Amino acid sequence: MSFKSLGLSDAIVKAVEEKGYTKPSVIQEKAIPEVLKGKDLLASAQTGTGKTAGFTLPILEILSKNTTKGKRPIRALILTPTRELAAQILENIKEYSINLNLTSTVIFGGVNQNPQKRALNAGIDILVATPGRLLDLVQQGVLSLSKVDILVLDEADRMLDMGFVRDIKKVIALLPSKRQNLLFSATFSREIKQLAGEFLTNPVLVEATPENTTVEKISQRVVRVDKVKKTPLIIKLIKDGDWSQVLVFTRTKHGANRLSEKMAKSGITSAAIHGNKTQGARTKALAGFKEGKIRVLVATDIAARGLDIPLLPHVVNYELPNIAEDYVHRIGRTGRAGANGEALSLVCVDENDYLRGIERLIKMKLDSSMIDGYEVDPTIKAEDPNPQRKNQRSGGGGRNVRGGNSRGGNSSNKPRSAASRSKSSFNSGGNTKPRRRD
Ligand code: ADP
Ligand code: MG
């Protein structure tokens with residue numbers, strides 16, 4: 001199967017070939033023809049399998065066939081939960097459309113509106129946006145959504161988790177009723193199905209069922225260690241292993257700052273990225289990390305969704321997430337596009353329940369060991385690892401999480417029964433085996 005045979009024109013095929021893609025991924029093979037037919041889509045595939053091109057390429061194909069005269073109205077709208085993801089999708093769109101006469105831009109909160117307004121004024125075919133800034137600019141009369149033909153909700157489950165459901169509905173109310181809708185989600189929860197039921201019309205269900213073999217692309221291991229020894233241990237591991245690019249997850253923003261400062265003090269270049277940082281700082285940290293100027297990026301779960309850092313070899317859970325699904329998304333930052341990766345979790349006695357929840361979700365027992373000199377003190381008793389969880393969630397994207405119950409009623413520590421995705425390969429062709437489901 002080739003990109004051309006999926007119905008994409010030479011200008012687009014050439015652009016993806018220049019990106020180094022030799023053949024479509026499974027989700028791309030399934031999604032692209034359906035989108036080209038004009039169908040609504042409800043799609044799910046594990047992270048890192050090329051969903052962005054799965055919706056972007058056919059959108060480019062459709063839009064490039066019907067260019068309009070005069071000032072361009074926005075014809076495709078892509079909503080994402082976080083600013084970083086929005087920026088990344090725009091980057092992909094720019095690359096894929098390099099040989100086309102189409103314009104695109106991105107808008108999100110936390111930065112000056114004026115450059116965004118100017119870009120919009122020039123006339124934009126494809127707009128990528130986070131919901132808050134989009135509605136703000138619509139209210140100011142800066143942009144109109146009345147000519148949107150195609151709507152994409154990327155990481156829709158995350159948007160619901162972050163409390164964006166009302167904003168999404170407000171946006172949808174501003175769109176023409178006749179349009180094409182594409183909904184991408186890592187899980188098909190009850191809330192997602194409900195949303196899909198409300199605004200998709202006869203959607204085609206697209207699920208990638210990746211071969212099991214690539215699960216092993218990410219090696220996962222647990223190191224047991226006392227809470228107070230986590231910082232010296234992670235510093236030692238990074239130094240001894242000579243790790244050059246490490247993404248480290250903490251549960252809280254404060255914890256991310258603290259760890260990043262300690263890293264810096266020990267001579268490891270580091271930056272923290274989370275919802276309390278200014279957008280300028282977030283962008284700079286991520287860019288520095290991608291370029292290799294920053295060795296360690298310490299993040300809350302904001303960075304766990306959607307972000308694509310090519311060839312990231314190491315992900316460390318300094319603390320386990322209290323929501324088991326987030327583990328899958330965190331470690332999915334490594335081993336992308338078929339590369340190898342290692343995911344290491346530092347687990348103290350307080351986190352045993354989280355670990356059990358994760359193992360239940362991924363249906364796998366994780367190998368666990370101790371490091372010489374950092375052995376666990378068996379006399380230390382477990383404490384509540386996340387006493388503030390009722391009023392705090394460590395993510396925070398375009399806007400703050402609203403309400404205490406933004407995880408759709410899942411306020412306990414119990415892992416949600418969501419389908420965890422095993423790793424997929426870009427070379428598995430159409431020949432897929434059935435996948436484990438929970
Ligand atoms: P997802 O949205 O499914 O998590 P992305 O769209 O971010 O995944 O893509 C993950 C990575 O795979 C990106 O680096 C992207 O450039 C790369 N990629 C996408 N499609 C292909 C392909 N057909 N062949 C090789 N690499 C690809
Ligand atoms: Mg994605």
Side-chain angles (χ1 to χ4, degrees), residues 1-6 8 12-33 35 41 43-60 78-98 106 128 130 152-159 182-187 206-210 214 217-218 245 247 286 290 302-313 315 325 328-341 397 419-430:
M1 192 61 80
S2 67
F3 282 105
K4 195 173 171 67
S5 66
L6 294 179
L8 299 169
I12 295 173
V13 174
K14 200 160 157 259
V16 293
E17 280 172 359
E18 268 161 32
K19 274 283 284 175
Y21 305 175
T22 50
K23 56 198 268 193
S25 67
V26 178
I27 189 82
Q28 289 164 0
E29 236 172 61
K30 292 186 175 182
I32 291 171
V35 180
L41 211 67
S44 166
Q46 71 178 117
T47 183
T49 54
K51 290 190 284 298
T52 317
F55 61 79
T56 304
L57 301 182
I59 289 176
L60 293 175
I78 299 162
L79 288 183
T80 79
T82 69
R83 301 162 183 175
E84 283 77 10
L85 183 56
Q88 181 185 297
I89 290 175
L90 181 74
E91 244 174 69
N92 287 151
I93 292 174
K94 295 271 187 208
E95 291 167 341
Y96 301 146
S97 64
I98 185 128
V106 63
V128 189
T130 53
V152 180
L153 300 186
D154 193 25
E155 305 276 354
D157 52 332
R158 187 63 166 185
M159 282 200 268
L182 316 176
L183 189 154
F184 287 79
S185 177
T187 65
V206 176
E207 283 185 281
T209 50
T214 43
K217 285 272 177 186
I218 305 180
Q245 205 183 28
L247 180 61
L286 188 63
K290 283 189 177 178
I302 187 176
R305 281 299 183 101
L307 287 191
D308 183 47
I309 300 159
L311 301 181
L312 176 64
V315 170
E325 274 177 293
V328 177
H329 288 283
R330 286 178 175 191
I331 72 164
R333 296 312 102 207
T334 184
R336 290 175 77 74
N340 289 310
S420 83
R421 310 283 166 208
S422 50
K423 282 308 295 177
S424 141
S425 141
F426 283 85
N427 305 314
S428 45

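All ligand and atom numbering here is 1-based and tracks the order in the structure. Worth saying up front: this structure is predicted, and the values here are computed from it rather than measured.
- Every atom of ligand 1 is numbered from 1 in the order shown, and the set under 4.0 Å from a heavy atom of Thr52 is 2 (O), 5 (P), 6 (O), 7 (O).
- Where the criterion is an N or O separation shorter than 3.5 Å, residue side chain and backbone included, Thr22 fails it with respect to ligand 1.
- Here the CZ-CG distance, from Phe184 to Leu79, works out to 13.5 Å after rounding to the nearest 0.5 Å.
- Proximity to Ser25 (heavy-atom distance under 4.0 Å) selects the following atoms of ligand 1: 23 (N).
- Considering both main-chain and side-chain atoms, Gly50 comes within under 3.5 Å of ligand 1 through a nitrogen or oxygen pair.
- Contact annotation: for Gln28 versus ligand 1, heavy atoms closer than 4.0 Å belong to the side chain alone.
- Qualifying salt bridge (Lys or Arg N to Asp or Glu O under 4.0 Å) partners for Lys4, counting only residues two or more places apart in sequence or in other chains: Asp10.
- Residues meeting the side-chain contact (heavy atoms from CB on, under 4.5 Å) test with Ala15, sequence neighbours left out: Ile98, Asn99.
- Here CZ of Arg83 is found 13.5 Å from CG of Leu286. Values are rounded to the nearest 0.5 Å.
- Of all atoms in ligand 1, listed by their number and element, those nearer than 4.0 Å to a heavy atom of Thr49 are 1 (P), 3 (O), 8 (O).
- Of all atoms in ligand 1, numbered sequentially from 1 with element shown, those under 4.0 Å from a heavy atom of Lys23 are 22 (C), 23 (N), 24 (N).
- At a heavy-atom distance under 4.0 Å, only side-chain atoms of Phe3, from C-beta outward, approach ligand 1.
- Distance alone, capped at 3.5 Å, places no donor-acceptor pair between the Ser185 side chain and the Glu155 backbone.
- Minimum heavy-atom separation, Leu6 to Gln28: CD1-O, 4.0 Å.
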